[in-house]
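Structure, as structure tokens:
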2 protein chains.
Amino acid sequence: MRITIPTLLLDKDKAKRNIRRMADKAKRNSVRLRPHFKTHQSAQVGEWFREVGVEAITVSSVRMARYFANHGWKEIMVAFPVNVLEMESINELAGRIKLHLVAVNEDTVAVLANQLQHPVHLSLKIDTGYRRTGILATNYEELDSIMQQVQGQEKLLFEGFVVHDGHTYKQTDVDAIQTIHNTSVYQLQQLRDRYKSRFPNLQLSIGDTPSCSIIETLSGVDEIRPGNYVFYDLTQQRIGSCSFDDIAVCMACPVVAMHPERGEIILYGGSVHFSKDVLLQENGSTVYGRVVEFASNGWSAPQEGIEVVSLSQEHGVVKASPEQFSKYKIGDLMGVLPVHSCLTANLMQGYTTTDGAQLEHLTGLPQRELIF
Amino acid sequence: MRITIPTLLLDKDKAKRNIRRMADKAKRNSVRLRPHFKTHQSAQVGEWFREVGVEAITVSSVRMARYFANHGWKEIMVAFPVNVLEMESINELAGRIKLHLVAVNEDTVAVLANQLQHPVHLSLKIDTGYRRTGILATNYEELDSIMQQVQGQEKLLFEGFVVHDGHTYKQTDVDAIQTIHNTSVYQLQQLRDRYKSRFPNLQLSIGDTPSCSIIETLSGVDEIRPGNYVFYDLTQQRIGSCSFDDIAVCMACPVVAMHPERGEIILYGGSVHFSKDVLLQENGSTVYGRVVEFASNGWSAPQEGIEVVSLSQEHGVVKASPEQFSKYKIGDLMGVLPVHSCLTANLMQGYTTTDGAQLEHLTGLPQRELIF
């Protein structure tokens with residue numbers, strides 16, 4: 001394998017270990033695992049989940065649902081508020097797979113009730129504290145009204161409530177994440193109590209990778225939908241969801257310039273490769289990536305005294321101690337762990353496994369195959 | 001034209017007006033215009049530059065050079081430090097077009113001298129203050145040595161010095177940008193004086209869109225290489241390079257949720273569409289996009305009291321005053337001017353013109369056509 005341009009490497013063993021660990025945890029907790037595929041967006045990586053028994057998945061767009069449906073997945077939840085402008089694609093998909101949709105308000109449910117041509121499973125997104133979107137768990141007026149509306153609908157098979165506790169991403173403390181999780185579960189159970197007489201099989205589902213990774217006892221819910229855990233990244237390591245050794249993707253970037261006078265190394269690898277997500281470190285500094293050393297068939301832990309401190313469109317700027325600086329020369333490849341693996345994979349449009357295979361990513365496919 | 005998912009709209013008239021204005025300015029100043037194509041990365045948009053007489057272009061990667069070479073461009077500068085790992089692609093390209101490369105150090109020049117199979121034009125990148133990369137204008141030791149090395153090389157046709165004053169992007173004041181420009185020109189001319197006896201046709205080239213847009217008299221250099229001006233964006237408007245009316249691209253994003261209790265509207269449109277570049281506004285707030293209203297065949301100026309305040313992978317959060325909030329409902333399309341048009345176009349992988357045509361972007365093409 002000869003790498004000449006910025007390349008996203010994938011350690012299959014680490015990814016498979018991450019996949020298995022979460023599957024084992026779900027089994028141990030007797031919760032259904034419906035993994036989110038928005039992080040990898042790859043048909044081949046998806047296959048690795050089948051090996052641990054996964055049959056139902058989560059995605060974040062209709063386009064992504066269509067892609068995985070075309071690769072044999074028969075049960076897919078689109079965990080993004082239904083976009084009513086896409087009814088044509090939704091109807092096409094609902095005709096061929098078990099499609100789950102997520103609504104966040106009454107108006108959308110009304111459009112679905114009116115325009116669906118095939119039955120879909122419907123969950124309501126509940127806001128238990130993140131405050132991005134979702135129906136507030138205490139907004140009984142809207143909830144009662146929607147529950148009234150869905151009851152008896154032939155095409156809307158009500159499933160239950162889903163939550164995404166995105167505010168766990170701002171935490172770095174197990175207790176804080178446990179508290180967020182407990183608060184969500186409490187609110188979800190209140191809702192289940194309110195509606196269980198009419199919907200006895202009402203399902204409760206949570207989704208964030210930090211909670212699912214960090215909390216040992218995932219009681220009180222029926223389903224978990226984490227996604228990032230397949231690769232993890234520096235953000236998840238900082239939160240405490242994983243160790244550095246669990247991070248399954250690494251950028252390989254050519255060294256194109258050296259500036260000894262200021263201890264800076266210039267990489268071919270910028271914001272069009274990494275994305276611009278930044279990580280606040282414990283010492284208060286911000287980094288765009290941590291540097292590792294390549295070993296046979298993999299890479300080391302992040303090195304001290306060297307990190308990516310700035311990105312422009314195609315350039316990455318690495319600050320290095322004299323000792324680290326002396327290890328590199330022009331034409332070398334530098335290994336960089338990404339801050340946010342979802343966005344890096346989305347930009348890189350594909351993977352090279354450490355054993356030399358090329359794996360696809362949805363964004364690397366021709367547009368004409370993606371637009372309905 | 002029916003838009004159902006996040007879509008990047010392109011106003012062809014505005015882009016062509018921007019293209020013509022810069023061409024006229026170059027002519028008025030008797031400087032050669034070698035526009036940078038990294039912003040649009042589109043064969044069709046590239047054709048609009050031919051209409052104003054452009055024959056030589058700038059790109060930021062070998063891959064981009066290959067793409068435009070495949071679309072009939074015969075003279076291309078890769079304005080990124082030569083990546084010596086790509087010698088195979090470089091040799092292939094140099095065999096079929098007039099290829100200009102940019103080096104930032106002696107080691108790279110030595111590799112080129114050793115491995116080039118066809119003549120290429122070589123410029124040295126000079127750092128006149130940005131401090132990203134380039135040879136310091138006062139580093140005579142390295143410069144003398146490289147100039148010695150290139151003299152008499154058959155395959156390295158020395159052209160001159162190029163500068164990218166990226167630090168103008170941090171300015172919002174005409175005088176500051178003029179000062180940066182003057183400082184660069186002064187340093188470049190010192191270098192020309194030093195080497196002109198040996199290289200009488202030595203060319204001086206500058207590249208940033210702010211200087212080229214804002215400064216009326218571009219004297220003292222032979223060439224300008226701006227790129228972002230084809231579309232401009234909120235960042236350039238904030239710097240003073242353009243008016244809002246010059247911004248030629250606009251995202252159209254479906255409204256998927258409304259939160260009246262906190263004046264927030266949720267868009268289908270997130271960091272995988274916009275990128276995560278952020279703009280610091282005059283009032284100290286940060287935004288990820290400004291909201292416009294669609295009109296027949298175009299869009300308005302940014303509205304007051306409504307802006308994109310946060311992005312996650314697929315969601316955009318818009319904060320709106322009660323008056324602005326009341327204008328939208330679920331299923332509407334909201335227009336959003338991007339903070340950084342280069343990165344948004346790179347993610348969106350294509351354009352829909354306001355008159356309904358689909359234009360391609362390099363990143364939307366199948367991978368197999370891109371890798372050499």
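Throughout, protein chains are lettered first and strands after them, A, B, ... in sequence-line order, and every chain is numbered starting at 1.
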Practice task
Report the distance from atom OG of B:S312 to atom OH of A:Y130, rounding to the nearest 0.5 Å.
Solution key: 4.5 Å
Completion exercise
When the 4.5 angstrom heavy-atom criterion is applied to B:I265 and chain A, the contacting part is neither
Handout entry: Backbone of B:I266 reached by a side-chain donor or acceptor of A:R132 within 3.5 Å
Key = no
Completion exercise
Pair count under 4.5 Å, heavy atoms only, with chain A: among B:I330, B:V317, B:L136, highest is B:I330
Exercise for the section: Identify which part of A:L267 has an atom lying under 4.5 Å from any heavy atom of chain B, answering side chain, backbone, both or neither. Expected result: backbone
Completion exercise
Okay, A:V104 and chain B: the region with an atom under 4.5 Å from a heavy atom over there is side chain
Exercise for the section: For B:R2 and A:L85, indicate whether the former's side chain and the latter's backbone hold a donor-acceptor pair under 3.5 Å. Expected result: yes
Handout entry: A:E314 side chain to B:F80 backbone, donor-acceptor under 3.5 Å
Key = no
Problem - Cationic N near anionic O, under 4.0 Å, B:D107 to A:K329 - result: no
Practice task
Determine yes or no for a side-chain-to-main-chain donor-acceptor pair under 3.5 angstrom, with B:N83 supplying the side chain and A:P254 the backbone.
Solution key: no
Practice task
Nearest 0.5 Å please: distance from the NZ atom of B:K276 over to the CG atom of A:L343.
Solution key: 6.5 Å
Problem - Euclidean distance, A:S275 OG relative to B:D277 CG, rounded to 0.5 Å - result: 10.0 Å
Practice task
Give a yes or no on whether the backbone of A:I5 and the side-chain of B:E86 come within a donor-acceptor separation of less than 3.5 Å.
Solution key: no
Handout entry: Separation between NE2 of B:H273 and OG of A:S61, rounded to the nearest 0.5 Å
Key = 7.5 Å
Exercise for the section: Could you walk me through whether B:V82 and A:V256 pass the side-chain contact (heavy atoms from CB on, under 4.5 Å) test, one step at a time? Expected result: CA-CA 7 Å; B:V82 168; A:V256 295; over 6 Å; no
Practice task
Measure the CD-CG distance between B:Q313 and A:N228 for me, rounded to the nearest 0.5 Å.
Solution key: 9.5 Å
Practice task
Mind running side chain to side chain donor-acceptor pair (under 3.5 Å) on A:T133 and B:H259 for me, showing each step along the way?
Solution key: CA-CA 8 Å; A:T133 189; B:H259 295 286; 2.8 Å; yes
Problem - Largest heavy-atom contact set with chain A, pairs under 4.5 Å, which of B:R131, B:M258, B:H315, B:E261 - result: B:H315
Problem - B:R262 portion near chain A, given a 4.5 angstrom heavy-atom threshold - result: side chain
Exercise for the section: Please determine, among A:C342, A:A103, A:P81, the option with the most heavy-atom pairs under 4.5 Å with chain B. Expected result: A:P81
Handout entry: A:L347 CG to B:T363 OG1 distance, which is reported to the nearest 0.5 Å
Key = 9.0 Å
Completion exercise
Whatever's closer than 4.5 Å to a heavy atom in chain A on B:L333 counts as side chain
